[in-house]
Amino acid sequence: MKEIIENHLASAVETYIKQQNVSINAAPSVEIDHTNDPQHGDFASNIAMILAKPIGLPPREIANGIIQCLSEFPLLDKCEIAGPGFINFFLTKDAYYQIIPEILEQAKDYGKSESGNSKKILLEYVSSNPTGPIHIGHGRGAAYGSVLANLLSTTGHKVTREYYVNDYGRQMDILTISVWLRYLNLQNGHDIPFPQNAYHGQYISDIASAIYNKAKSLPQPEPGELQSIINGHTEEDKKLDEIIELAKNTLKQQYHEVVFTHALDDILAGIKQDLNEFGVGFDRWYSERSLVDKNLISECMDKLESTGDIYEKEGARWFKSTAYGDEKDRVVVRENGLTTYFASDIAYHVDKYNRGFDEIINIWGADHHGYISRVKGALKAFGKDPAKLKILLVQFATLYKGDEKLQMSTRSGDYVTLKQLRDEVGNDATRFFYVMRKAEQHLDFDLELAKSESNANPVYYIQYAHARICSVFKQMTERNLNFDIETGIKSLSLLETESELKLVKAIARYPEVINIAARNLEPHQLSFYLRELANDFHAYYNSCQFLVENDALRQARFCLISATRQVIQNGLGILGVSAPEEM
RNA sequence: GCCCUGGUAGCUCAGUGGAUAGAGCACCCGCCUCCUAAGCGGGGGGUCGUAGGUUCAACUCCUACCCAGGGCACCA
């Protein structure tokens, strides 16, 4: 509809300009917009105001001239000049009611489009370290990414969802010793010293007991060895380094591997299950270790060495990222010979590019923003186009319990897990809450409020609209009436109350909302839309009775609410929120 | 100091350069002999952080400044 009007308007503008006999350098793009106020019609164009200057006439006069040139076409009721020179288009009711049979016929496909042109997109999200369970801080990225994936698929993109598993490096060593030290408690029958910066969560002890139940006699350090390490340093990181050494020397590779693998597998399985239950899925779990095993990191480093992008300083190897727009150079190989996380990230991103995607999207926590320029810099060094990589920063969710701000730290074991949150407020409310506001906005998640007032959450408001429609259908069956779509569609012109018109306009807008939300990568647009749609329905519900005697009118109304139900289902489906039949 | 993100109603937040800046919560007033009141209708409430600039038109774009949160590792 929008395009039809735009085309008519464009040709009218063309005719008008010829009539005026003026030459305009750049032909202005003729566009129309939805209006916010029904008094301004359904669509409005600002073209007259844009032309005012080049033509040299008052906007209202130009608007009038354009309207004279506009050919009539069906479904257009009238157009008016308003305000400073807007041209407002008013559609006939039939123009809107046309959408109802379309929705009923397309059903689940209503709102889908091919605007993505099968573009291949790699979407990486969550990627939290496998050193502990998913907590509330990760939940937002999870919900946001999964809705984004749905939005992009719905609009005709080919999306690959990926989770980057940091199963390599120092953090894994710390995880391993954390488990090992807890294991030693069980072996010795009493608590042994535990460094402050190791992982403190209960799950560490649980993994340790699981290992202990299978193998009770892993090698032990000499008595007092641990204590002397812990007493020997004031710096926490030095303590960890020495314990890591001790663990490797004591357990040897064979048993070290046992503890490590057990810990990683256990935690990763938990993460997968958690996300799965939360409705967050992945097509691929990409292991950082696999980069090492396939020598991709060293290949990348060699390449950078050969192009002279790496130099030595203070015993370490540095990538010259300042040459590619970063504010300082970055270490890729440490003095101790180990590669840094950044080195892995270079290899990972180069591999992403080599896998042939049209667009690569990373969803990162806001604390990672400092990495953007160095990763893009590295890609430039490899001759890759950094514009293909879009990095979306999701601001952290700060958790409050009443007025008290809760800290989120995997190390200290001081956090609320995603599972706890889901158990308390439910999957639907949790998902909806996370994507309710735009990603760049800080999110204050008040646990008390979410728990105590979960009924005030808009998700229930939307679900309630769906449940009400289902309930009405149930009542219809109980009264031995049936839903006759054909009669209903023939009778749509009987729908003429204000609330009906408002509702049909709302459901007609849905495909456009999906497109905008996908294009701007803004799931919250859909949340807001669904709330408005539910409002329009509830208003309708209160102002009109659906189960009326008049068969034609009843069937028409059922067509409208059936279409509405479909749109709510489709929209909630994209958000990953259920559409219950009763509440 | 540098970088990122916010600053819009009492609170939490929407707002593709357009017309009188909008929701929810909270507050006040109405609405169930009728399809679920987890609902509907009405009302009060605003110098859109501040100051300039661009534009026919700025909450929206640009610059500077103020305030808040986050980030600036041979950690991941």
Side-chain angles (χ1 to χ4, degrees), chain A residues 31 33-37 39-40 44 46 48-53 58-59 82-86 88 127-129 131 166 168-172 174 197 237 240 288 313-318 327-328 330-342 344-345 365-373 393-396 398 410 436-444 446 449 453-461 463-465 467-476 478-479 499 516 519-520 522 524-525 527-528 531-532 534-535 537-548 561 582-583:
Chain A
E31 276 175 26
D33 290 310
H34 282 283
T35 57
N36 300 321
D37 186 341
Q39 283 184 6
H40 300 145
N46 60 357
M49 287 175 290
I50 294 172
L51 290 173
K53 206 168 192 183
F86 290 103
N88 292 336
S127 300
S128 69
N129 290 329
T131 52
N166 298 118
Y168 179 77
R170 186 178 145 85
Q171 264 200 150
M172 286 296 104
I174 298 175
N197 281 3
D237 280 348
L240 290 181
E288 183 181 0
K313 192 178 91 184
E314 294 161 7
R317 313 286 305 166
W318 297 67
E327 56 184 12
K328 55 175 110 166
R330 310 289 175 178
V331 171
V332 284
V333 184
R334 282 187 290 242
E335 202 175 352
N336 63 12
L338 297 175
T339 54
T340 59
Y341 174 83
F342 177 46
S344 295
D345 239 5
D367 55 333
H368 281 64
H369 96 266
Y371 292 134
I372 296 177
S373 52
L393 295 180
V394 176
Q395 292 291 326
F396 274 143
T398 317
T410 308
M436 247 174 84
R437 58 203 53 175
K438 52 182 182 187
E440 312 91 78
Q441 184 70 250
H442 295 264
L443 177 62
D444 289 340
D446 188 331
L449 198 75
E453 292 189 71
S454 60
N455 281 1
N457 194 311
V459 70
Y460 295 104
Y461 181 83
Q463 289 179 322
Y464 185 43
R468 269 184 155 176
I469 297 172
C470 293
S471 170
V472 172
F473 267 87
K474 213 174 291 168
Q475 304 252 344
M476 179 190 69
E478 280 167 14
R479 295 186 196 183
S499 53
I516 292 175
R519 193 193 323 133
N520 298 338
E522 291 179 338
H524 75 279
Q525 301 271 6
S527 318
F528 278 90
R531 220 232 153 249
E532 283 165 27
N535 182 24
F537 170 75
H538 287 307
Y540 182 32
Y541 183 94
N542 275 275
S543 71
C544 288
Q545 188 84 8
F546 309 146
L547 281 164
V548 289
I561 63 171
E582 53 185 43
M583 290 174 74

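Scope of the values below: all heavy atoms of this structure, side chains included, with no hydrogens, waters or symmetry mates. In the text below, chain A, chain B and the rest are named by the order of the sequence lines, each starting its count at 1.
When atom types are taken as modelled, the side chain of A:Thr340 and the backbone of A:Val331 share a donor-acceptor pair closer than 3.5 angstrom.
A:Lys328 has no side-chain polar atom (N or O) that falls below the 4.0 Å cut-off from OP1 or OP2 of B:rC2. Phosphate proximity of B:rG15 to A:His524: present, with a side-chain N or O under 4.0 Å from OP1 or OP2. The shortest distance between the side-chain N/O atoms of A:Arg334 and the OP1/OP2 oxygens of B:rA73 is not below 4.0 Å. In terms of phosphate contacts, A:Tyr461 brings a side-chain nitrogen or oxygen within less than 4.0 Å of OP1 or OP2 of B:rC40. Within the structure, every side-chain polar atom (N or O) of A:Gln441 is placed at least 4.0 Å from both OP1 and OP2 of B:rU12. In terms of phosphate contacts, A:Arg437 brings a side-chain nitrogen or oxygen within less than 4.0 Å of OP1 or OP2 of B:rC13. Here A:Asn520 does not reach the OP1 or OP2 of B:rU16: none of its side-chain N or O atoms lies under 4.0 Å away.
Closest approach to the A:Glu314 side chain among B:rG18, B:rC74, B:rG39 is made by B:rC74 (side chain taken as heavy atoms from C-beta onward). Ranking B:rG18, B:rA37, B:rU16 by closeness to the A:Asp33 side chain, first place goes to B:rU16. Listed nucleotides B:rA19, B:rC34, B:rC4 differ in distance to A:His40; the shortest reach to its side chain belongs to B:rA19. Closest approach to the A:Phe86 side chain among B:rC35, B:rG18, B:rG39 is made by B:rG18 (side chain taken as heavy atoms from C-beta onward).
Taking the ring centre of A:Phe537 as origin, the terminal cationic atom of A:Arg468 falls outside the region bounded by 6.0 Å and 45° from the ring axis.
Contact annotation for A:Glu582: base contact, defined as any heavy-atom pair under 4.0 Å involving a base atom. Among the heavy atoms of the strands lying under 4.0 Å from A:Asn46 is at least one base atom, whether or not backbone atoms are also near. Among the heavy atoms of the strands lying under 4.0 Å from A:Lys438 are primed sugar atoms or P, OP1, OP2 only; no base atom is included.
Pair check for B:rG24 finds B:rC11; Watson-Crick or G-U wobble, both atom distances under 3.5 Å.
A donor atom on one side chain and an acceptor atom on the other are not found under 3.5 Å apart for A:Gln171 and A:Thr131.
Stacking between A:Phe528 and B:rA23 is absent: the ring centroid is not both under 5.5 Å from the six-membered base ring centre and under 30° in plane angle.
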